[in-house]
**Student:** 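Right, I'll just put the structure down here and ask away after.
Any value given below was found using the heavy atoms of this structure, including those in side chains, with hydrogens, waters and symmetry copies removed.
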Amino acid sequence: MRIGVLGTGNMADALATHWARAGHEVTIGGRDAHKAERLATRVGGGAKPASLRAAAESGQVVLAALPYGAGADVVRDLRTALEDKALLDCSNPVGPGFRLLTQGGPSAAQQLAAAAPGAHVVKAFNLCHEDVWRMRPPVFDGRPLAVPVCGDDETALARVRELVRNVGCEPVTGGGLERAGLLEATAALFIGLWVGEGADAQAIAPPLAYASGPSHGQAYSAT
């Protein structure tokens, strides 16, 4: 698969490294040519440095590894190059105090979709710190990390699911793009629990068998 990467930061580094190792053709795009070249060298696997536009033009999937607030402007400038491509958004619109910056408005992913209406935006990879994505693979207690994926176009979703598996994770259907805001809100909650409270966010949900209440044959314990 041909993958264009917009950005030269930590998320671009972590994800592109997995994809290059998996044999995909990766192009790293950045405003700063030297940063793009350094990252392409670090990623290896034949990754090539390029401008943002060239990276967008090169990919069947284009990763927008850009900070919230900058992403929509960059994507708007590249909208013609992104026509009919999967545009993968991993951003988190989380501000000071772990506040969701999009509250009351469209999600970050929907803002990208509005900026490049011909692209097929998919939301994924936003729930973990970049160092988790650097793991080879992200497996905890013998279970691969699950990655929710939200989007509307089946071809784009299939490509992103493949890229999730290349990282060593399991894709989980998260619904259409209108549900991307729920993923972003979940990230704000989890970051607040992890960083603000030092709490284990995994502990707030029961196992799947108990998600709809106790299993058949079990009874609630009254207290």
**Student:** Sort and list the pairs that fulfil salt bridge (Lys or Arg N to Asp or Glu O under 4.0 Å) and have at least one residue in residues 65-79, not counting sequence neighbours.
**Tutor:** Asp73-Arg76

**Student:** Using the rule that two of Ile, Leu, Val, Met, Phe, Trp, Tyr join whenever any of their side-chain heavy atoms come within less than 4.5 Å, decide whether Leu82 and Leu66 are in one cluster.
**Tutor:** yes

**Student:** So do Leu87 and Val75 actually touch side chain to side chain, heavy atoms under 4.5 Å?
**Tutor:**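 The answer is yes, as the side chains (C-beta and beyond) meet within the 4.5 Å cut-off.
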
**Student:** Report the hydrophobic cluster partners of Leu127, with the cluster defined as I, L, V, M, F, W, Y residues connected by side-chain heavy atoms closer than 4.5 angstrom, directly or transitively.
**Tutor:**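 Leu183, listed by chain and number.
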
**Student:** With rounding to the nearest 0.5 angstrom, report the CG to NE2 distance, Asn10 to His129.
**Tutor:**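 Interatomic distance, Asn10 CG to His129 NE2, rounded to 0.5 Å: 7.5 Å.
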
**Student:** Of all residues at least two apart in sequence or in a different chain, which pass the side chain to side chain donor-acceptor pair (under 3.5 Å) check with Gln110?
**Tutor:**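 Partners of Gln110 under the side chain to side chain donor-acceptor pair (under 3.5 Å) test: Ser107.
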
**Student:** Return the minimal non-hydrogen interatomic distance between Val26 and Ala16, and the atom names on each side.
**Tutor:**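 Minimum heavy-atom separation between Val26 and Ala16: CG1-CB, 4.1 Å.
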
**Student:** For the residue pair Gly29 and Thr8, what are the closest heavy atoms and their distance?
**Tutor:**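 Between these two residues, the closest heavy atoms are O-CG2, 4.1 Å.
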
**Student:** For residues 82-98, which residue pairs pass the salt bridge (Lys or Arg N to Asp or Glu O under 4.0 Å) check, not counting sequence neighbours?
**Tutor:**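 Qualifying pairs: Asp89-Lys123.
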
**Student:** Are Leu182 and Leu177 connected into the same hydrophobic cluster when the rule is that any two of I, L, V, M, F, W, Y join if their side-chain heavy atoms are below 4.5 Å apart?
**Tutor:**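 No, it is not one cluster - the side chains of Leu177 and Leu182 are not joined through contacts under 4.5 Å.
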
**Student:** Going by heavy atoms in the side chains, are Leu6 and Val62 under 4.5 Å from each other?
**Tutor:**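 Yes - at least one pair of side-chain heavy atoms lies under 4.5 Å apart.
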
**Student:** Restricting to non-hydrogen atoms, name the atom on Ala146 and the atom on Val172 that form the minimum distance, rounded to 0.1 Å.
**Tutor:**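 Closest approach of Ala146 to Val172: CB-CG2, 3.6 Å.
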
**Student:** Do you reckon Val121 sits in the same ILVMFWY cluster as Val164, going by side-chain contacts under 4.5 Å, direct or chained?
**Tutor:** no

**Student:** Taking C-beta and beyond as the side chain, do Pro171 and Val160 meet within less than 4.5 Å on heavy atoms?
**Tutor:**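 No, every pair of side-chain atoms sits at 4.5 Å or beyond.
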
**Student:** Do Thr80 and Arg53 have side chains that get closer than 4.5 Å, going by heavy atoms?
**Tutor:**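 Side-chain contact under 4.5 Å: yes.
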
**Student:** Would the distance check show the side chain of Trp19 and the main-chain N or O of Ile3 forming a donor-acceptor pair, the cut-off being under 3.5 Å?
**Tutor:** no

**Student:** Looking at Met11, is its backbone amide N or carbonyl O close enough to the side chain of Trp133 to form a donor-acceptor pair, meaning the two atoms are under 3.5 Å apart?
**Tutor:**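 Such a contact is absent between Trp133 side chain and Met11 backbone.
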
**Student:** List the residues meeting salt bridge (charged side-chain N to carboxylate O under 4.0 Å, His left out) with Asp13, not counting sequence neighbours, and say none if there are none.
**Tutor:**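 Asp13 satisfies salt bridge (charged side-chain N to carboxylate O under 4.0 Å, His left out) with Arg42, Arg134 only.
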
**Student:** Got a sec, which pairs hit side chain to side chain donor-acceptor pair (under 3.5 Å) with one end in residues 62-72, sequence neighbours left out?
**Tutor:** Tyr68-Gln111

**Student:** What is the minimum heavy-atom distance between Val149 and Ala124, and which atoms define it?
**Tutor:** CG2-CB, 4.1 Å

**Student:** Would you please name every residue forming a side chain to side chain donor-acceptor pair (under 3.5 Å) with Asp200, sequence neighbours left out?
**Tutor:** none

**Student:** At what distance, to the nearest 0.5 angstrom, does CD of Glu25 lie from OG of Ser58?
**Tutor:** 7.0 Å

**Student:** Treating Arg2 as the side-chain partner and Gln60 as the backbone partner, does any N or O pair qualify as donor plus acceptor under 3.5 Å?
**Tutor:**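 No; zero donor-acceptor contacts below 3.5 Å.
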
**Student:** What residue pairs, at least two apart or across chains, pass salt bridge (Lys or Arg N to Asp or Glu O under 4.0 Å) with a residue in residues 96-117?
**Tutor:** none

**Student:** Do Phe125 and Leu63 come close enough that some side-chain heavy atom pair is under 4.5 Å?
**Tutor:**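 Result no, sub-4.5 Å side-chain heavy-atom pair not found.
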
**Student:** Would a 4.5 Å heavy-atom cut-off, applied to side chains only, mark Val74 and Leu52 as touching?
**Tutor:** yes

**Student:** Apply salt bridge (charged side-chain N to carboxylate O under 4.0 Å, His left out) to Asp32 and list each qualifying residue two or more places apart in sequence or on a separate chain.
**Tutor:** none

**Student:** If every non-hydrogen atom of Gly45 is compared with every non-hydrogen atom of Ala20, which pair is closest and at what distance?
**Tutor:**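 Nearest heavy atoms, Gly45 then Ala20: CA-CB, 4.3 Å.
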
**Student:** Please list all pairs passing the side chain to side chain donor-acceptor pair (under 3.5 Å) test where one or both residues lie in residues 144-169, with sequence neighbours left out.
**Tutor:**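 Matches after skipping sequence neighbours: His24-Asn166, Glu154-Arg161.
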
**Student:** Do Pro138 and Val167 make a side-chain contact, defined as non-hydrogen atoms from C-beta onward lying under 4.5 Å apart?
**Tutor:** yes

**Student:** Considering non-hydrogen atoms only, spot the tightest contact between Gly7 and Ala12 and give its length.
**Tutor:**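 Heavy atoms of Gly7 and Ala12 come nearest at O-CB, 3.4 Å.
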
**Student:** Just wondering, do Leu163 and Met1 contact through their side chains at under 4.5 Å, heavy atoms?
**Tutor:** yes

**Student:** Do the side chains of Leu15 and Val122 join up, straight or via other hydrophobic residues, at under 4.5 Å, putting them in one cluster?
**Tutor:**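 Shared cluster, yes.
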
**Student:** Kindly give the cluster partners of Leu189, where membership spreads through any ILVMFWY side chain lying under 4.5 Å from a current member.
**Tutor:**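 Reading the cluster by chain and number, Leu189 sits alongside Val94, Phe98, Phe190, Ile191, Leu193, Trp194, Val195, Ile204.
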
**Student:** Working to the nearest 0.5 Å, report the span between SG of Cys150 and CG of Asn126.
**Tutor:** 8.5 Å

**Student:** Remaining members of Leu100's ILVMFWY cluster at a side-chain heavy-atom cut-off under 4.5 Å?
**Tutor:**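 Under the 4.5 Å side-chain rule, Leu100 groups with nothing.
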
